[in-house]
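Working notes, structure below.
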Amino acid sequence: MRLEDLTLIKPAPTPGDTSWFTHDRFGMFIHWGLYALGARHEWVKSHERIPTEVYDKYFRHFDPDLYDPTLWADAAKDAGMKYFVITTKHHEGFCLWDSAYTDYKSTNTPYGRDILTPMVDAFRSRGLRTGFYHSLLDWHHPDYTVDNCHPMRDNADYIAGDKDRDLNRYVEYLHNQTEELLKRYDPVDIIWFDFSVGASDRFPGKGKEVWHSEELIRKIRSINPNIMIDDRLQIDQDVKTPEQYMPDGWYTVNGVPVVWEGCHTFSGSWGYYRDEQSWKSVDQLLKMLIDSVSMGGNLLLNVGPTGRGEFDERAYKRLRGIGKWMKRHSRSIYGCTQAPLEFECPRDCRYTYNPETKRLYLHMYSWPFGKIRLTGEVAEHVDYIQILSDASEMRFSYNAENRTVDIPLPVYKPLGADIPVLEIFLK
Ligand code: H79
């Protein structure tokens with residue numbers, strides 16, 4: 001078959017501009033709010049049923065004296081990330097920017113300053129694109145009614161108070177703040193809402209009717225027609241967002257492959273969690289990135305900064321490890337997607353493919369003994385092979401009768417290639 005005739009999956013078109021996104025592939029999620037002080041999960045208010053008057057201790061003590069977003073932006077850039085998504089507001093309701101619609105914001109804490117503006121400036125100045133995560137849930141707003149995620153879901157008195165709460169006033173606040181953010185920080189590249197709440201036998205859910213999602217999307221596009229909007233307003237827009245699990249193939253909706261981005265944590269929680277011991281290794285994280293791109297998706301990898309405003313050492317260690325690999329291997333990530341369906345991938349390996357340069361990338365998750373063999377259609381297209389980390393030639397022999405390409409390997413894995421990649425130039 002000719003190279004042009006092979007089957008390359010392209011995701012379904014969307015209303016916004018996803019072209020940069022499916023090229024860049026790798027972004028940094030940042031979860032930062034008052035819960036950094038609790039340091040035991042961003043859902044601590046809900047998990048521990050903490051009333052707002054008690055949770056207020058974090059507001060009164062929020063003073064991240066070491067906050068310097070240029071350090072964060074450098075860390076993201078050095079790790080090879082191309083965009084970032086920051087929690088402008090998480091479920092707790094605390095706002096990182098100087099909103100005209102609330103007093104529950106960073107300027108009114110002991111820190112006394114707007115957090116978002118210097119962050120956006122720092123990341124943009126380093127060439128990263130900007131995304132805003134914005135919580136649909138709000139456990140602080142007086143008009144937000146109780147649902148099955150709410151911290152007061154077991155408090156009968158608080159629940160009784162729902163009769164005086166006007167959820168529409170909250171939704172107006174949500175719309176106003178969204179417009180405020182998108183205008184003040186225009187152009188925002190991604191707006192990442194989270195999430196529509198399911199109904200339970202005790203409480204109704206909250207979805208597209210409650211949020212007035214259609215109207216909200218219209219308002220957003222009137223400010224910025226190209227912006228990417230996620231799927232959690234209960235109306236699919238530009239990107240599907242599998243959270244903390246790996247799809248087993250290209251993410252599909254009704255059988256149609258779509259633009260998708262997996263979001264993952266280093267250690268399980270999103271906000272800073274001091275005592276969490278379940279940190280993933282650099283090797284695991286890199287494989288999650290490679291796996292995602294090999295299935296046509298992106299990876300949004302989360303950092304939860306501390307209450308003093310820093311990424312902790314465990315996060316830095318992983319970001320640096322990822323950056324070390326990305327420095328020599330990002331060519332197998334940026335601009336890449338799933339390989340043509342006709343290509344059979346050798347054992348313990350993952351392909352990614354750059355359709356522009358016509359280069360195929362073979363990621364070797366284990367280093368086999370003696371040789372590696374490409375079989376079938378792919379063997380017909382091999383023009384030249386090198387190890388990506390050092391551009392050292394890999395000689396090979398093509399056998400037309402068996403349709404194989406055999407690539408002899410040294411016994412040892414090449415230095416500096418923790419997950420070795422063969423760059424295969426196709427013809
Ligand atoms: O922001 C991060 C998470 O805090 C947020 N999404 C990412 C990006 C998120 N975490 N979990 N969820 C969204 C959905 C989980 C919801 C619940 Fe439950 C689990 C609701 C019902 C079961 C636990 C039990 C909390 C409330 C009841």
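Just so you know, ligand 1 is whichever comes first in the structure, and atom 1 is the first atom listed for that ligand.
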Problem set entry | ligand 1 atoms in contact with Arg153 (distance to a heavy atom under 4.0 Å) | 26 (C), 27 (C)

Problem set entry | Nearest-contact summary for atom 17 (C) of ligand 1 - protein heavy atom, Å | Trp43 CH2, 4.0 Å

For this session: Any atoms of ligand 1 less than 4.0 Å from a non-hydrogen atom of Tyr133? List them with their elements.
Result: 1 (O)

Problem set entry | Residues Arg320, Asp78: salt bridge by 4.0 Å N-O rule | no

Exercise. Protein heavy-atom contact under 4.0 Å for atom 9 (C) of ligand 1?
Worked result: yes

For this session: Examine Asp194 against ligand 1 and note whether any of their N/O atoms are separated by less than 3.5 Å.
Result: yes

Exercise. So which heavy atom in the protein is nearest atom 14 (C) of ligand 1, and how far is it from that ligand atom?
Worked result: Phe195 CZ, 3.6 Å

Problem set entry | Euclidean distance, Thr241 OG1 relative to Phe193 CZ, rounded to 0.5 Å | 13.0 Å

Problem set entry | Option set His264, His150, Glu243, criterion heavy-atom distance to atom 7 (C) of ligand 1, minimum | Glu243

Exercise. Less than 4.0 Å between a side-chain N and a carboxylate O, is that true for Asp24 and Lys82?
Worked result: no

Problem set entry | Lys/Arg-Asp/Glu bridge criterion (N-O < 4.0 Å) met for Lys77, Asp74 | no

Exercise. Between Glu42 and ligand 1, does any nitrogen or oxygen pair lie at a separation below 3.5 Å?
Worked result: yes

For this session: Flag the pair Asp138 and Lys89 as a salt bridge only when some basic side-chain nitrogen lies within less than 4.0 angstrom of an acidic carboxylate oxygen.
Result: yes

For this session: Say whether Asn148, considering both its backbone and side-chain N or O atoms, lies within less than 3.5 Å of an N or O atom on ligand 1.
Result: no

Problem set entry | Is_contact(atom 19 (C) of ligand 1), protein non-hydrogen, under 4.0 Å | no

Exercise. Parallel under 30°, tilted from 30 to 60°, perpendicular over 60°: which one fits the rings of His329 and Trp325?
Worked result: parallel

For this session: Identify whether the distance between the nearest side-chain nitrogen and carboxylate oxygen of Lys219 and Glu215 falls below 4.0 Å.
Result: yes

Problem set entry | Qualifying residues under salt bridge (charged side-chain N to carboxylate O under 4.0 Å, His left out), relative to Lys280, sequence neighbours excluded | none

Exercise. Counting both backbone and side chain atoms, is some N or O of His90 under 3.5 Å from an N or O of ligand 1?
Worked result: yes

For this session: For Glu209, check salt bridge (charged side-chain N to carboxylate O under 4.0 Å, His left out) against everything at least two apart and list the hits.
Result: none

Exercise. Looking only at protein heavy atoms, which one is nearest to atom 21 (C) of ligand 1, and how far off is it?
Worked result: Cys149 SG, 4.3 Å

Exercise. Taking distance alone, with no angle check, do His31 and ligand 1 share an N/O pair under 3.5 Å?
Worked result: yes

